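In this text the structure is predicted, and so the values were computed from the model without any measurement. In this chain, numbering begins with 1 at the start of the sequence shown.
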Amino acid sequence: MCGITGILTQNGTSANEEICRQMTKVLSHRGPDGEDVVSLGAVALGHRRLAILDLTGTGSQPMASADGRVVLTYNGEVYNFREIRAVLEENGYIFRGSSDTEVVVNALHFWGTKAIEKFNGMFAFAAWFNDEKKLILARDRYGIKPLYYMQTENSFLFASEIKSLQQHPGFRFKVSKDALIEYFSFQNILSDLTLFEGVKLLPAGHYLEVQPGTSEINEYCYWDFAFRPVSMDAVEAENELQRLFEEAVARQLVSDVEVGAYLSGGMDSGGITCVASRQFKNLKSFTAGFDLSSASGMEINFDERGRSEYLSNLYKTEHYEIVLKAGDMERVMPALTTHLEDLRVGQSYPNFYISRLAGRFVKVCLSGAGGDELFAGYPWRYYHNSRNGYHNGFADSYFRYWQRLVPDDLREIFFTPAVRKMIDFERPASVFRSLLTNGQANVSDRSPQTYINNSLYFESKTFLHGLLLVEDKLSMAHGLETRLPFLDNDLVDFAMQVPVELKLRDWQNMVHINENDLTGKKQVKSLSTDGKLLLRKMLQKYVPADYCNGHKQGFSAPDASWFKGESLNYIRRLLYNKEARIYEFIDFDVAHRLMEEHMKGQKNNRLLIWSLLSFEWWLRIFGN
């Protein structure tokens with residue numbers, strides 16, 4: 001796992017190696033084990049190394065093929081590199097070391113861009129093809145590893161993080177109004193934009209080509225989610241899932257450094273930890289808990305330390321935990337925002353702390369992310385959309401559901417008059433609808449299963465993608481590589497074929513619940529056992545049945561309580577101040593009204609308050 005960056009000039013001059021070195025240096029947290037830059041005329045490639053496989057110099061980057069035709073700067077892990085290496089060796093390739101990087105560069109040399117489809121893993125890379133004089137940028141199927149790019153007047157720039165792009169003299173800070181309306185609609189950005197005007201995120205499952213002397217960028221999609229169920233026997237499906245699950249965990253344990261595991265107390269991380277602990281004696285495991293002395297309502301159950309400690313004892317792991325309090329959010333916001341850069345989903349400061357904890361002991365940590373999106377872990381999100389007489393009804397209903405921050409009736413007046421003039425208020429609905437078809441040219445099938453699979457497709461491409469970006473930034477802030485067994489290619493391909501009937505219990509019913517409605521939390525809890533049926537049954541082979549059949553508990557702090565309690569003065573100091581930076585863009589009176597709704601217990605607006613805090617810190621840090 002590493003940090004990559006680079007420059008391609010588009011005016012016939014040589015790339016500035018010193019600027020590339022500065023762009024590389026600011027990524028030191030992503031790769032504390034090594035640094036190098038190569039200059040190849042019009043292109044300069046930079047790399048920061050976090051050494052995981054082949055700790056010797058033969059794993060250093062940027063790395064060139066034996067004949068120098070392909071030069072690679074690469075971030076990630078390709079878990080099937082040994083199988084690919086065997087094929088390459090049969091075709092005459094000779095390897096100097098044991099890294100997956102050497103396999104990737106030779107695979108690109110042999111197959112060209114077709115090699116990308118063969119990789120089972122997480123990656124973002126840039127490869128310079130000397131003969132063709134073209135630069136290839138690629139990102140893994142699911143978007144586990146980020147890759148940003150932008151064009152200045154004379155250059156094409158790319159990097160693992162935006163702060164690297166900022167080191168180039170051609171970078172200019174400006175807030176993207178299109179990204180801003182997306183973010184305050186969904187607490188996410190669904191397109192390839194970022195809040196930084198001119199900076200784009202290469203979409204998951206895509207690669208692009210760019211050449212010196214032209215500003216043209218050619219982008220291609222090589223893979224996409226496609227939930228296309230096939231008929232399955234329940235017992236056979238369970239056995240196949242178990243086989244694929246164990247293979248995925250084993251595949252992702254390959255490492256020349258110590259591997260640990262997050263252990264939340266839930267079945268997904270519990271199953272992964274169980275399988276991993278069979279290979280590694282005294283596997284280190286990590287949990288974050290919360291001080292709930294001032295929590296109320298459903299949030300009094302948010303601390304899962306007792307459950308994770310029980311599982312740790314069961315699997316004989318060497319267990320470490322941290323307890324977070326309300327003031328921990330306030331302390332970490334500047335550092336958190338600096339590392340996030342690209343604001344995305346949810347209250348992520350607990351992720352920062354647990355990544356820091358794990359990073360003190362290991363370089364690699366396994367995570368259970370991805371199981372919910374693939375196996376329908378949020379049934380209350382799908383049920384109220386499962387019966388619609390026409391596609392537009394489904395799209396409209398689901399769009400309203402995913403407007404997580406600002407109500408429809410306040411959306412236009414939420415921004416200042418000057419900003420309103422620059423915002424396309426139709427953009428969120430347009431972008432949203434374009435992502436709902438599950439890869440189908442038409443949506444003539446109006447069955448409940450189709451709508452549910454469309455929901456799974458949408459959430460895998462957007463919500464999961466946002467979670468993956470956050471996980472990457474906050475783990476790499478501490479030089480920690482996070483691996484995700486549920487996002488193994490073979491397991492994902494199987495999960496997309498599993499019928500709705502094997503994922504959801506009551507899929508034919510229509511229930512409309514707002515998970516942030518304070519009065520609806522009990523209904524959400526009652527429905528939380530309806531999802532992931534096949535996965536729950538399979539994981540009972542590793543995790544106690546009552547853990548597998550229990551209510552779903554997300555990794556979330558009791559912020560609804562803290563925001564109107566212990567963190568109230570902090571929020572008022574930052575956000576009730578008319579001089580706050582956010583009010584260059586957001587109407588103070590509307591924001592104040594929405595915050596007061598939360599403080600008075602009229603509505604749970606914790607997500608909006610978090611986003612306002614995040615945007616304020618983002619402007620302070622990056623907007624100077």
Side-chain angles (χ1 to χ4, degrees), residues 4-15 20 23 40-46 62 64-65 69-76 104-105 107-119 122-160 162 164-165 168 170-171 176 178-179 189-194 196-226 342 431 434-435 439 441 461 465:
I4 66 173
T5 190
I7 304 168
L8 176 69
T9 61
Q10 297 173 309
N11 60 354
T13 62
S14 295
C20 190
M23 293 170 66
L40 302 161
V43 67
L45 305 176
S65 58
R69 187 169 69 84
V70 181
V71 185
L72 175 74
T73 182
Y74 158 68
N75 169 30
V104 171
V105 73
L108 290 167
H109 185 277
F110 185 54
W111 288 296
T113 55
K114 288 294 182 182
I116 302 170
E117 301 174 28
K118 301 178 185 296
F119 299 150
M122 52 183 182
F123 56 84
F125 65 76
W128 173 247
F129 288 74
N130 251 321
D131 290 353
E132 298 95 326
K133 299 301 178 190
K134 67 179 179 181
L135 182 69
I136 303 293
L137 267 60
R139 196 160 169 233
D140 64 71
R141 285 183 172 194
Y142 320 111
I144 302 171
K145 306 311 298 178
L147 189 53
Y148 298 94
Y149 68 93
M150 66 173 292
Q151 288 182 297
T152 67
E153 184 177 355
N154 298 315
S155 299
F156 174 88
L157 316 175
F158 68 88
S160 298
I162 299 168
S164 176
L165 304 179
H168 193 277
F171 184 94
S176 167
D178 284 341
I189 299 172
L190 308 188
S191 67
D192 61 353
L193 302 181
T194 71
F196 295 85
E197 182 72 44
V199 177
K200 290 189 173 184
L201 176 64
L202 181 63
H206 282 64
Y207 70 91
L208 62 78
E209 296 181 358
V210 61
Q211 294 181 286
T214 175
S215 60
E216 183 179 353
I217 297 173
N218 296 305
E219 186 177 304
Y220 307 92
C221 176
Y222 69 87
W223 187 88
D224 195 8
F225 287 96
D342 189 13
V431 171
S434 70
L435 292 167
K461 285 182 71 72
H465 181 248

Query raised in the report: Considering residues at least two apart in sequence or located in another chain, which fulfil the side-chain contact (heavy atoms from CB on, under 4.5 Å) criterion with F110?
Result: L88, N91, Y93
Report task. Quick one: closest heavy-atom pair of P62 and L45, and the distance? Result -> CG-O, 3.6 Å
Report task. Give the C-alpha distance, both sets of side-chain angles, the deciding distance and a yes or no for side chain to side chain contact (heavy atoms under 4.5 Å, CB included) between N154 and Q10. Result -> CA-CA 5 Å; N154 298 315; Q10 297 173 309; 5.9 Å; no
Query raised in the report: So, T194 side chain and V199 main chain: donor-acceptor pair closer than 3.5 Å or not?
Result: yes
Query raised in the report: Rounded to the nearest 0.5 Å, how far does NZ of K200 lie from CD1 of I217?
Result: 7.0 Å
Query raised in the report: Taking all non-hydrogen atoms of both residues, which atom of V210 and which atom of E216 are closest, and how far apart?
Result: CG2-O, 3.7 Å
Query raised in the report: Is the closest side-chain heavy-atom distance between L147 and I4 below 4.5 Å?
Result: yes
Query raised in the report: Considering residues at least two apart in sequence or located in another chain, which fulfil the side-chain contact (heavy atoms from CB on, under 4.5 Å) criterion with E153?
Result: none
**Report entry** Distance-minimising heavy-atom pair for A138 and I116
**Finding:** CB-CD1, 3.8 Å
Query raised in the report: What distance separates T113 OG1 from E209 CD, expressed to the nearest 0.5 Å?
Result: 6.0 Å
Query raised in the report: So, S155 side chain and I7 main chain: donor-acceptor pair closer than 3.5 Å or not?
Result: no
Report summary line: Nearest heavy-atom contact between L108 and F129 is O-CE2, 3.8 Å
Query raised in the report: Taking the side chain from S65 and the backbone from V105, do they hold a donor-acceptor pair closer than 3.5 Å?
Result: no
Report task. Show your reasoning for whether side chain to side chain contact (heavy atoms under 4.5 Å, CB included) applies to V43 and K133. Result -> CA-CA 9 Å; V43 67; K133 299 301 178 190; over 6 Å; no
Query raised in the report: With a 4.5 Å heavy-atom cut-off, do F158 and T73 have their side chains touching?
Result: yes
Requested in this report: Check step by step if ring-ring contact (aromatic ring centres under 6.0 Å, His included) holds for F156 and Y149.
Outcome: CA-CA 7 Å; F156 174 88; Y149 68 93; 5.7 Å; yes
Requested in this report: Calculate, to the nearest 0.5 Å, the distance between atoms CG and CD belonging to L8 and Q211 respectively.
Outcome: 9.0 Å
Report summary line: dist C221:SG -> L208:CG (nearest 0.5 Å) comes out at 12.5 Å
Requested in this report: Taking all non-hydrogen atoms of both residues into account, name the closest pair between D140 and M122 and its distance.
Outcome: OD2-CA, 3.6 Å
Requested in this report: Apply side chain to side chain contact (heavy atoms under 4.5 Å, CB included) to the pair F196 and F171, showing each step before the final yes or no.
Outcome: CA-CA 10 Å; F196 295 85; F171 184 94; 3.8 Å; yes
Requested in this report: Check whether any side-chain N or O of H109 sits under 3.5 Å from a backbone N or O of A107 as a donor-acceptor pair, and report yes or no.
Outcome: no
Query raised in the report: When you measure from the side chain of R69 to the backbone N and O of D131, does any donor-acceptor pair fall under 3.5 Å?
Result: no
Requested in this report: Indicate yes or no: at least one non-hydrogen side-chain atom of E117 is less than 4.5 angstrom from one of W111.
Outcome: no
Report task. Hey, could you give me the CZ/CG distance between R141 and D224, rounded to the nearest 0.5 Å? Result -> 10.5 Å
Report task. Decide yes or no for L201 and H465: does some side-chain heavy atom of the first lie under 4.5 Å from some side-chain heavy atom of the second? Result -> yes
Report task. Please examine the side chains of L190 and K461, heavy atoms only from C-beta on, and report whether any two atoms are closer than 4.5 Å. Result -> no
Query raised in the report: Roughly how far, to the nearest 0.5 Å, is the CD atom of Q151 from the CG atom of L157?
Result: 9.0 Å
Query raised in the report: Given side chains that start at C-beta, do those of Y207 and F125 come closer than 4.5 Å, heavy atoms only?
Result: no
Query raised in the report: Between Y222 (side chain) and K114 (backbone), is there a donor-acceptor pair under 3.5 Å?
Result: no
Report summary line: Here the pair of heavy atoms bringing L165 nearest to A159 is CD2-CB, 3.8 Å
